[in-house]
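Worksheet: one structure, shown below.
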Amino acid sequence: MAVLTRVAEFFGLDDEGWERHANPWSVYTRFAIFPALTLVLLQWGVWGWWTVLPVAALLIFTKINPRLFPAVQRNSGWCWAAVMGEKVWLSADARIPQIRLHWAGVLSIAQVFPVAIWLIGLIFLWPWVAIVGMLGTLATKLLFLDQMVKLYREVEGSDP
């Protein structure tokens with residue numbers, strides 16, 4: 001968890017940062033980064049070193065995204081609960097149900113496999129392999145975030 005806490009700090013996720021990142025625009029645009037990165041990296045054979053420019057732009061956007069959008073009113077929306085669930089998960093709150101810790105760990109580890117497929121597709125410039133890896137990674141991330149929603153609602157005592 002220490003590594004994940006450092007990642008959160010890198011993205012500026014203090015209390016205000018988490019509030020801003022809970023904005024649905026922040027959550028959904030972060031989901032768009034991975035497909036955009038995939039499409040750009042698959043152009044390496046065509047663009048060569050010029051590929052570095054859009055990759056750099058995407059990495060900069062990834063860095064500033066969590067703080068780019070304004071904080072939203074506290075609500076029970078899916079994005080809010082997912083982001084606040086991640087915050088609670090990283091805090092190692094003693095109130096977190098064991099089943100949520102279990103599934104969060106399983107899904108975090110499960111993301112390694114589609115990421116490996118994605119990387120193989122990118123290294124060999126095999127678009128379909130990269131796309132399958134990307135979709136698998138996004139699917140496991142969505143499942144992880146769904147667990148964070150459940151975690152948040154269980155810890156905070158709101159309806160599932």
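None of these values were measured; they are calculated from a predicted model.
Nearest approach of Phe69 to Asn23, heavy atoms of both residues: CB-ND2, 3.6 Å. Contact between Pro54 and Trp47 at its shortest, heavy atoms only, is CG-CZ3, 3.8 Å. The minimum heavy-atom distance linking Pro66 with Ser26 is given by the pair CA-OG, 3.8 Å. Residue Ile96 comes nearest to Trp89 through the heavy atom pair CD1-CA, 3.8 Å, listed as atom of the first residue, atom of the second, then distance.
With rounding to the nearest 0.5 angstrom, the CD1 atom of Ile99 is 7.5 Å from the CD atom of Gln147. Remark: Gln111 CD to Leu143 CG distance equals 9.5 Å, nearest 0.5 Å. Once rounded to the nearest 0.5 Å, the distance linking OG of Ser91 with CH2 of Trp18 reads 9.5 Å. Here the straight-line distance linking atom CE of Met148 with atom CE of Met84 works out to 13.5 Å at 0.5 Å rounding. Between the NE2 atom of His21 and the CH2 atom of Trp80 there is a distance of 12.0 Å, given to the nearest 0.5 Å. For the atom pair CG (Asn65) and CG (Leu58), the distance works out to 11.0 Å, reported to the nearest 0.5 Å.
The pair Glu156-Arg95 meets the salt-bridge criterion, since a charged nitrogen lies less than 4.0 angstrom from a carboxylate oxygen.
Using cut-offs of 30° and 60° on the angle between ring planes, the pair Tyr28 and Trp78 is parallel.
No side-chain heavy atom of Leu68 sits under 4.5 Å from any side-chain heavy atom of Arg20. Proximity of Trp103 to Phe144: side-chain heavy atoms (C-beta onward) are nowhere separated by under 4.5 Å. At least one side-chain heavy atom of Glu16 sits less than 4.5 Å from a side-chain heavy atom of Arg67. At a threshold of 4.5 Å between non-hydrogen side-chain atoms, the residues Phe31 and Leu142 count as touching.
Grouping the Ile, Leu, Val, Met, Phe, Trp and Tyr side chains by contacts below 4.5 angstrom, directly or via other members, places Leu101 with Val155. Val112 and Ile120 end up in different hydrophobic clusters when Ile, Leu, Val, Met, Phe, Trp and Tyr side chains are linked at under 4.5 Å.
For residues 116-144, the pairs satisfying salt bridge (charged side-chain N to carboxylate O under 4.0 Å, His left out) are Glu86-Lys141, with sequence neighbours left out.
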Give the table of side-chain donor-acceptor pairs shorter than 3.5 Å for residues 121-140, with sequence neighbours excluded, one pair per line with atom names and distance.
from   : atom 1 : to     : atom 2 : distance (Å)
Thr137 : OG1    : Val115 : N      : 3.4
Thr137 : OG1    : Gly133 : O      : 2.8
Thr140 : OG1    : Gly136 : O      : 3.1
Thr140 : OG1    : Thr137 : O      : 2.9

Ignoring hydrogens and angles, write down the donor-acceptor pairs under 3.5 Å from the side chains of residues 34-41, residues two or more places apart or on other chains.
from  : atom 1 : to     : atom 2 : distance (Å)
Thr38 : OG1    : Phe34  : O      : 2.8
Thr38 : OG1    : Trp118 : NE1    : 2.7

